[in-house]
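So the structure is just underneath, and the comments pick up after that.
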Amino acid sequence: MGEDNTKSERYRRIFEVVRRIPKGRVATYGQVADLAGLPRHARLVGYALNSLKAGARLPWHRVVGSPGRISLPEGSESHYEQRARLAMEGVEVDVDGRLSLRRHQWRPRSR
DNA sequence: AAGTTGACGGATG
DNA sequence: TCATCCGCCAACT
């Protein structure tokens, strides 16, 4: 089975998964990578999201780090933006960018 | 062209 | 809980 492993194809699969994360839930970079069929490529997910342009219609703010923490640098405009968007959906994030995965992580039924 | 960095994460101490 | 190491891939210098 020749699977397409080009960068753009992998990015496409990553965005497909991110698009499925329900409002008010979050997924970790590693989780997105797994669901996209790219195990152990969490870093690639971060790179893919970083390549998004300002007006992207993708819920990128629902992707957080495995410790249950916003990965964007504190103090950055995007970090603040992510916090605001999550808060708007009812996800509580504390001053250090931490949140409860226990309460908010997306648990898809399959794939 | 080679080294560094980063929106990662699991393992380890 | 925090720090460090290391594998992973792409972008940047």
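Lettering of chains follows the sequences in order, A, B, ..., and the numbering in each one begins at 1.
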Exercise. Has the side chain of Q82(A) got a donor or acceptor atom that lies under 3.5 Å from a matching backbone atom of V63(A)?
Worked result: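 Yes: the side chain of Q82(A) pairs with the backbone of V63(A).
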For this session: Would you confirm whether H79(A), through its side chain, and L72(A), through its main-chain N or O, come within 3.5 Å as a donor-acceptor pair?
Result: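 Between the backbone of L72(A) and the side chain of H79(A) there is a qualifying donor-acceptor contact (under 3.5 Å).
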Problem set entry | Residues forming a side-chain hydrogen bond (donor to acceptor under 3.5 Å, both in side chains) with E16(A), sequence neighbours excluded |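 In terms of side-chain hydrogen bond (donor to acceptor under 3.5 Å, both in side chains), with neighbours along the sequence ignored, E16(A) is linked to R12(A).
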What's the [atom1]-[atom2] distance between [X] and [N], to the nearest Å?
| X | N | atom1 | atom2 | value |
| --- | --- | --- | --- | --- |
| N50(A) | dA7(B) | CG | P | 6 Å |
| I14(A) | dC9(C) | CD1 | P | 12 Å |
| E74(A) | dA7(B) | CD | P | 13 Å |

Problem set entry | Over all atoms of both residues, closest heavy-atom pair of F15(A) and S51(A) |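 Where F15(A) meets S51(A) most closely, the heavy atoms are CZ-OG, 4.2 Å.
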Exercise. Taking for each residue the nucleotide of DNA chain C bearing the nearest heavy atom, is the 5' side occupied by R40(A) or by Y47(A)?
Worked result: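 Checking each residue's closest nucleotide, the 5'-ward one belongs to R40(A).
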For this session: Write down the distance separating the P atoms in dA1(B) and dC8(C), rounded off to the nearest Å.
Result: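 The same atom, P, in both gives a distance of 23 Å.
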Problem set entry | Inter-nucleotide P distance (dT4(B), dC5(C)), Å rounded |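 The answer is 15 Å between these two P atoms.
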Exercise. What residues form a salt bridge (charged side-chain N to carboxylate O under 4.0 Å, His left out) with R19(A), not counting sequence neighbours?
Worked result: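 None.
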Seminar exercise, completed: Whether each nucleotide of nucleotides 8-13 of chain B has a protein heavy atom under 4.0 Å at its base (B), only at its sugar-phosphate (S) or at neither (-) is summarised, 5' to 3', as BSS---
For this session: Under 4.0 Å from any atom of DNA chain B, heavy atoms only: list the residues of residues 77-85 of chain A that qualify, in numerical order.
Result: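 None - not one residue of the stretch has a heavy atom sitting under 4.0 Å from the strand.
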For this session: State which residues pass side-chain contact (heavy atoms from CB on, under 4.5 Å) with Y47(A); sequence neighbours excluded, sorted by chain then number.
Result: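 If we apply the side-chain contact (heavy atoms from CB on, under 4.5 Å) test to Y47(A), skipping adjacent residues, the hits are Y11(A).
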Atom pairs and distances, side-chain donor-acceptor, residues 95-106 of chain A, under 3.5 Å, sequence neighbours left out:
{"unit_1": "S100(A)", "atom_1": "OG", "unit_2": "R102(A)", "atom_2": "N", "d": "3.4"}
{"unit_1": "S100(A)", "atom_1": "OG", "unit_2": "R103(A)", "atom_2": "N", "d": "3.1"}
{"unit_1": "Q105(A)", "atom_1": "NE2", "unit_2": "Q31(A)", "atom_2": "OE1", "d": "2.9"}

Problem set entry | Side-chain heavy-atom pair V26(A), I21(A) within 4.5 angstrom cut-off |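 SC-SC contact between V26(A) and I21(A) ruled out.
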Exercise. Under 4.0 Å between a side-chain N/O of H41(A) and OP1 or OP2 of dC8(C), yes or no?
Worked result: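 No, no such contact exists.
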For this session: Give R98(A) one of three labels, base, sugar-phosphate or nothing, depending on what nucleic acid heavy atoms sit under 4.0 Å from its own.
Result: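 R98(A): backbone/sugar contact only, no base atoms under 4.0 Å.
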For this session: May I have the step-by-step check of salt bridge (charged side-chain N to carboxylate O under 4.0 Å, His left out) for R62(A) and E89(A), ending in yes or no?
Result: CA-CA 10 Å; R62(A) 296 176 188 151; E89(A) 301 182 353; 2.7 Å; yes
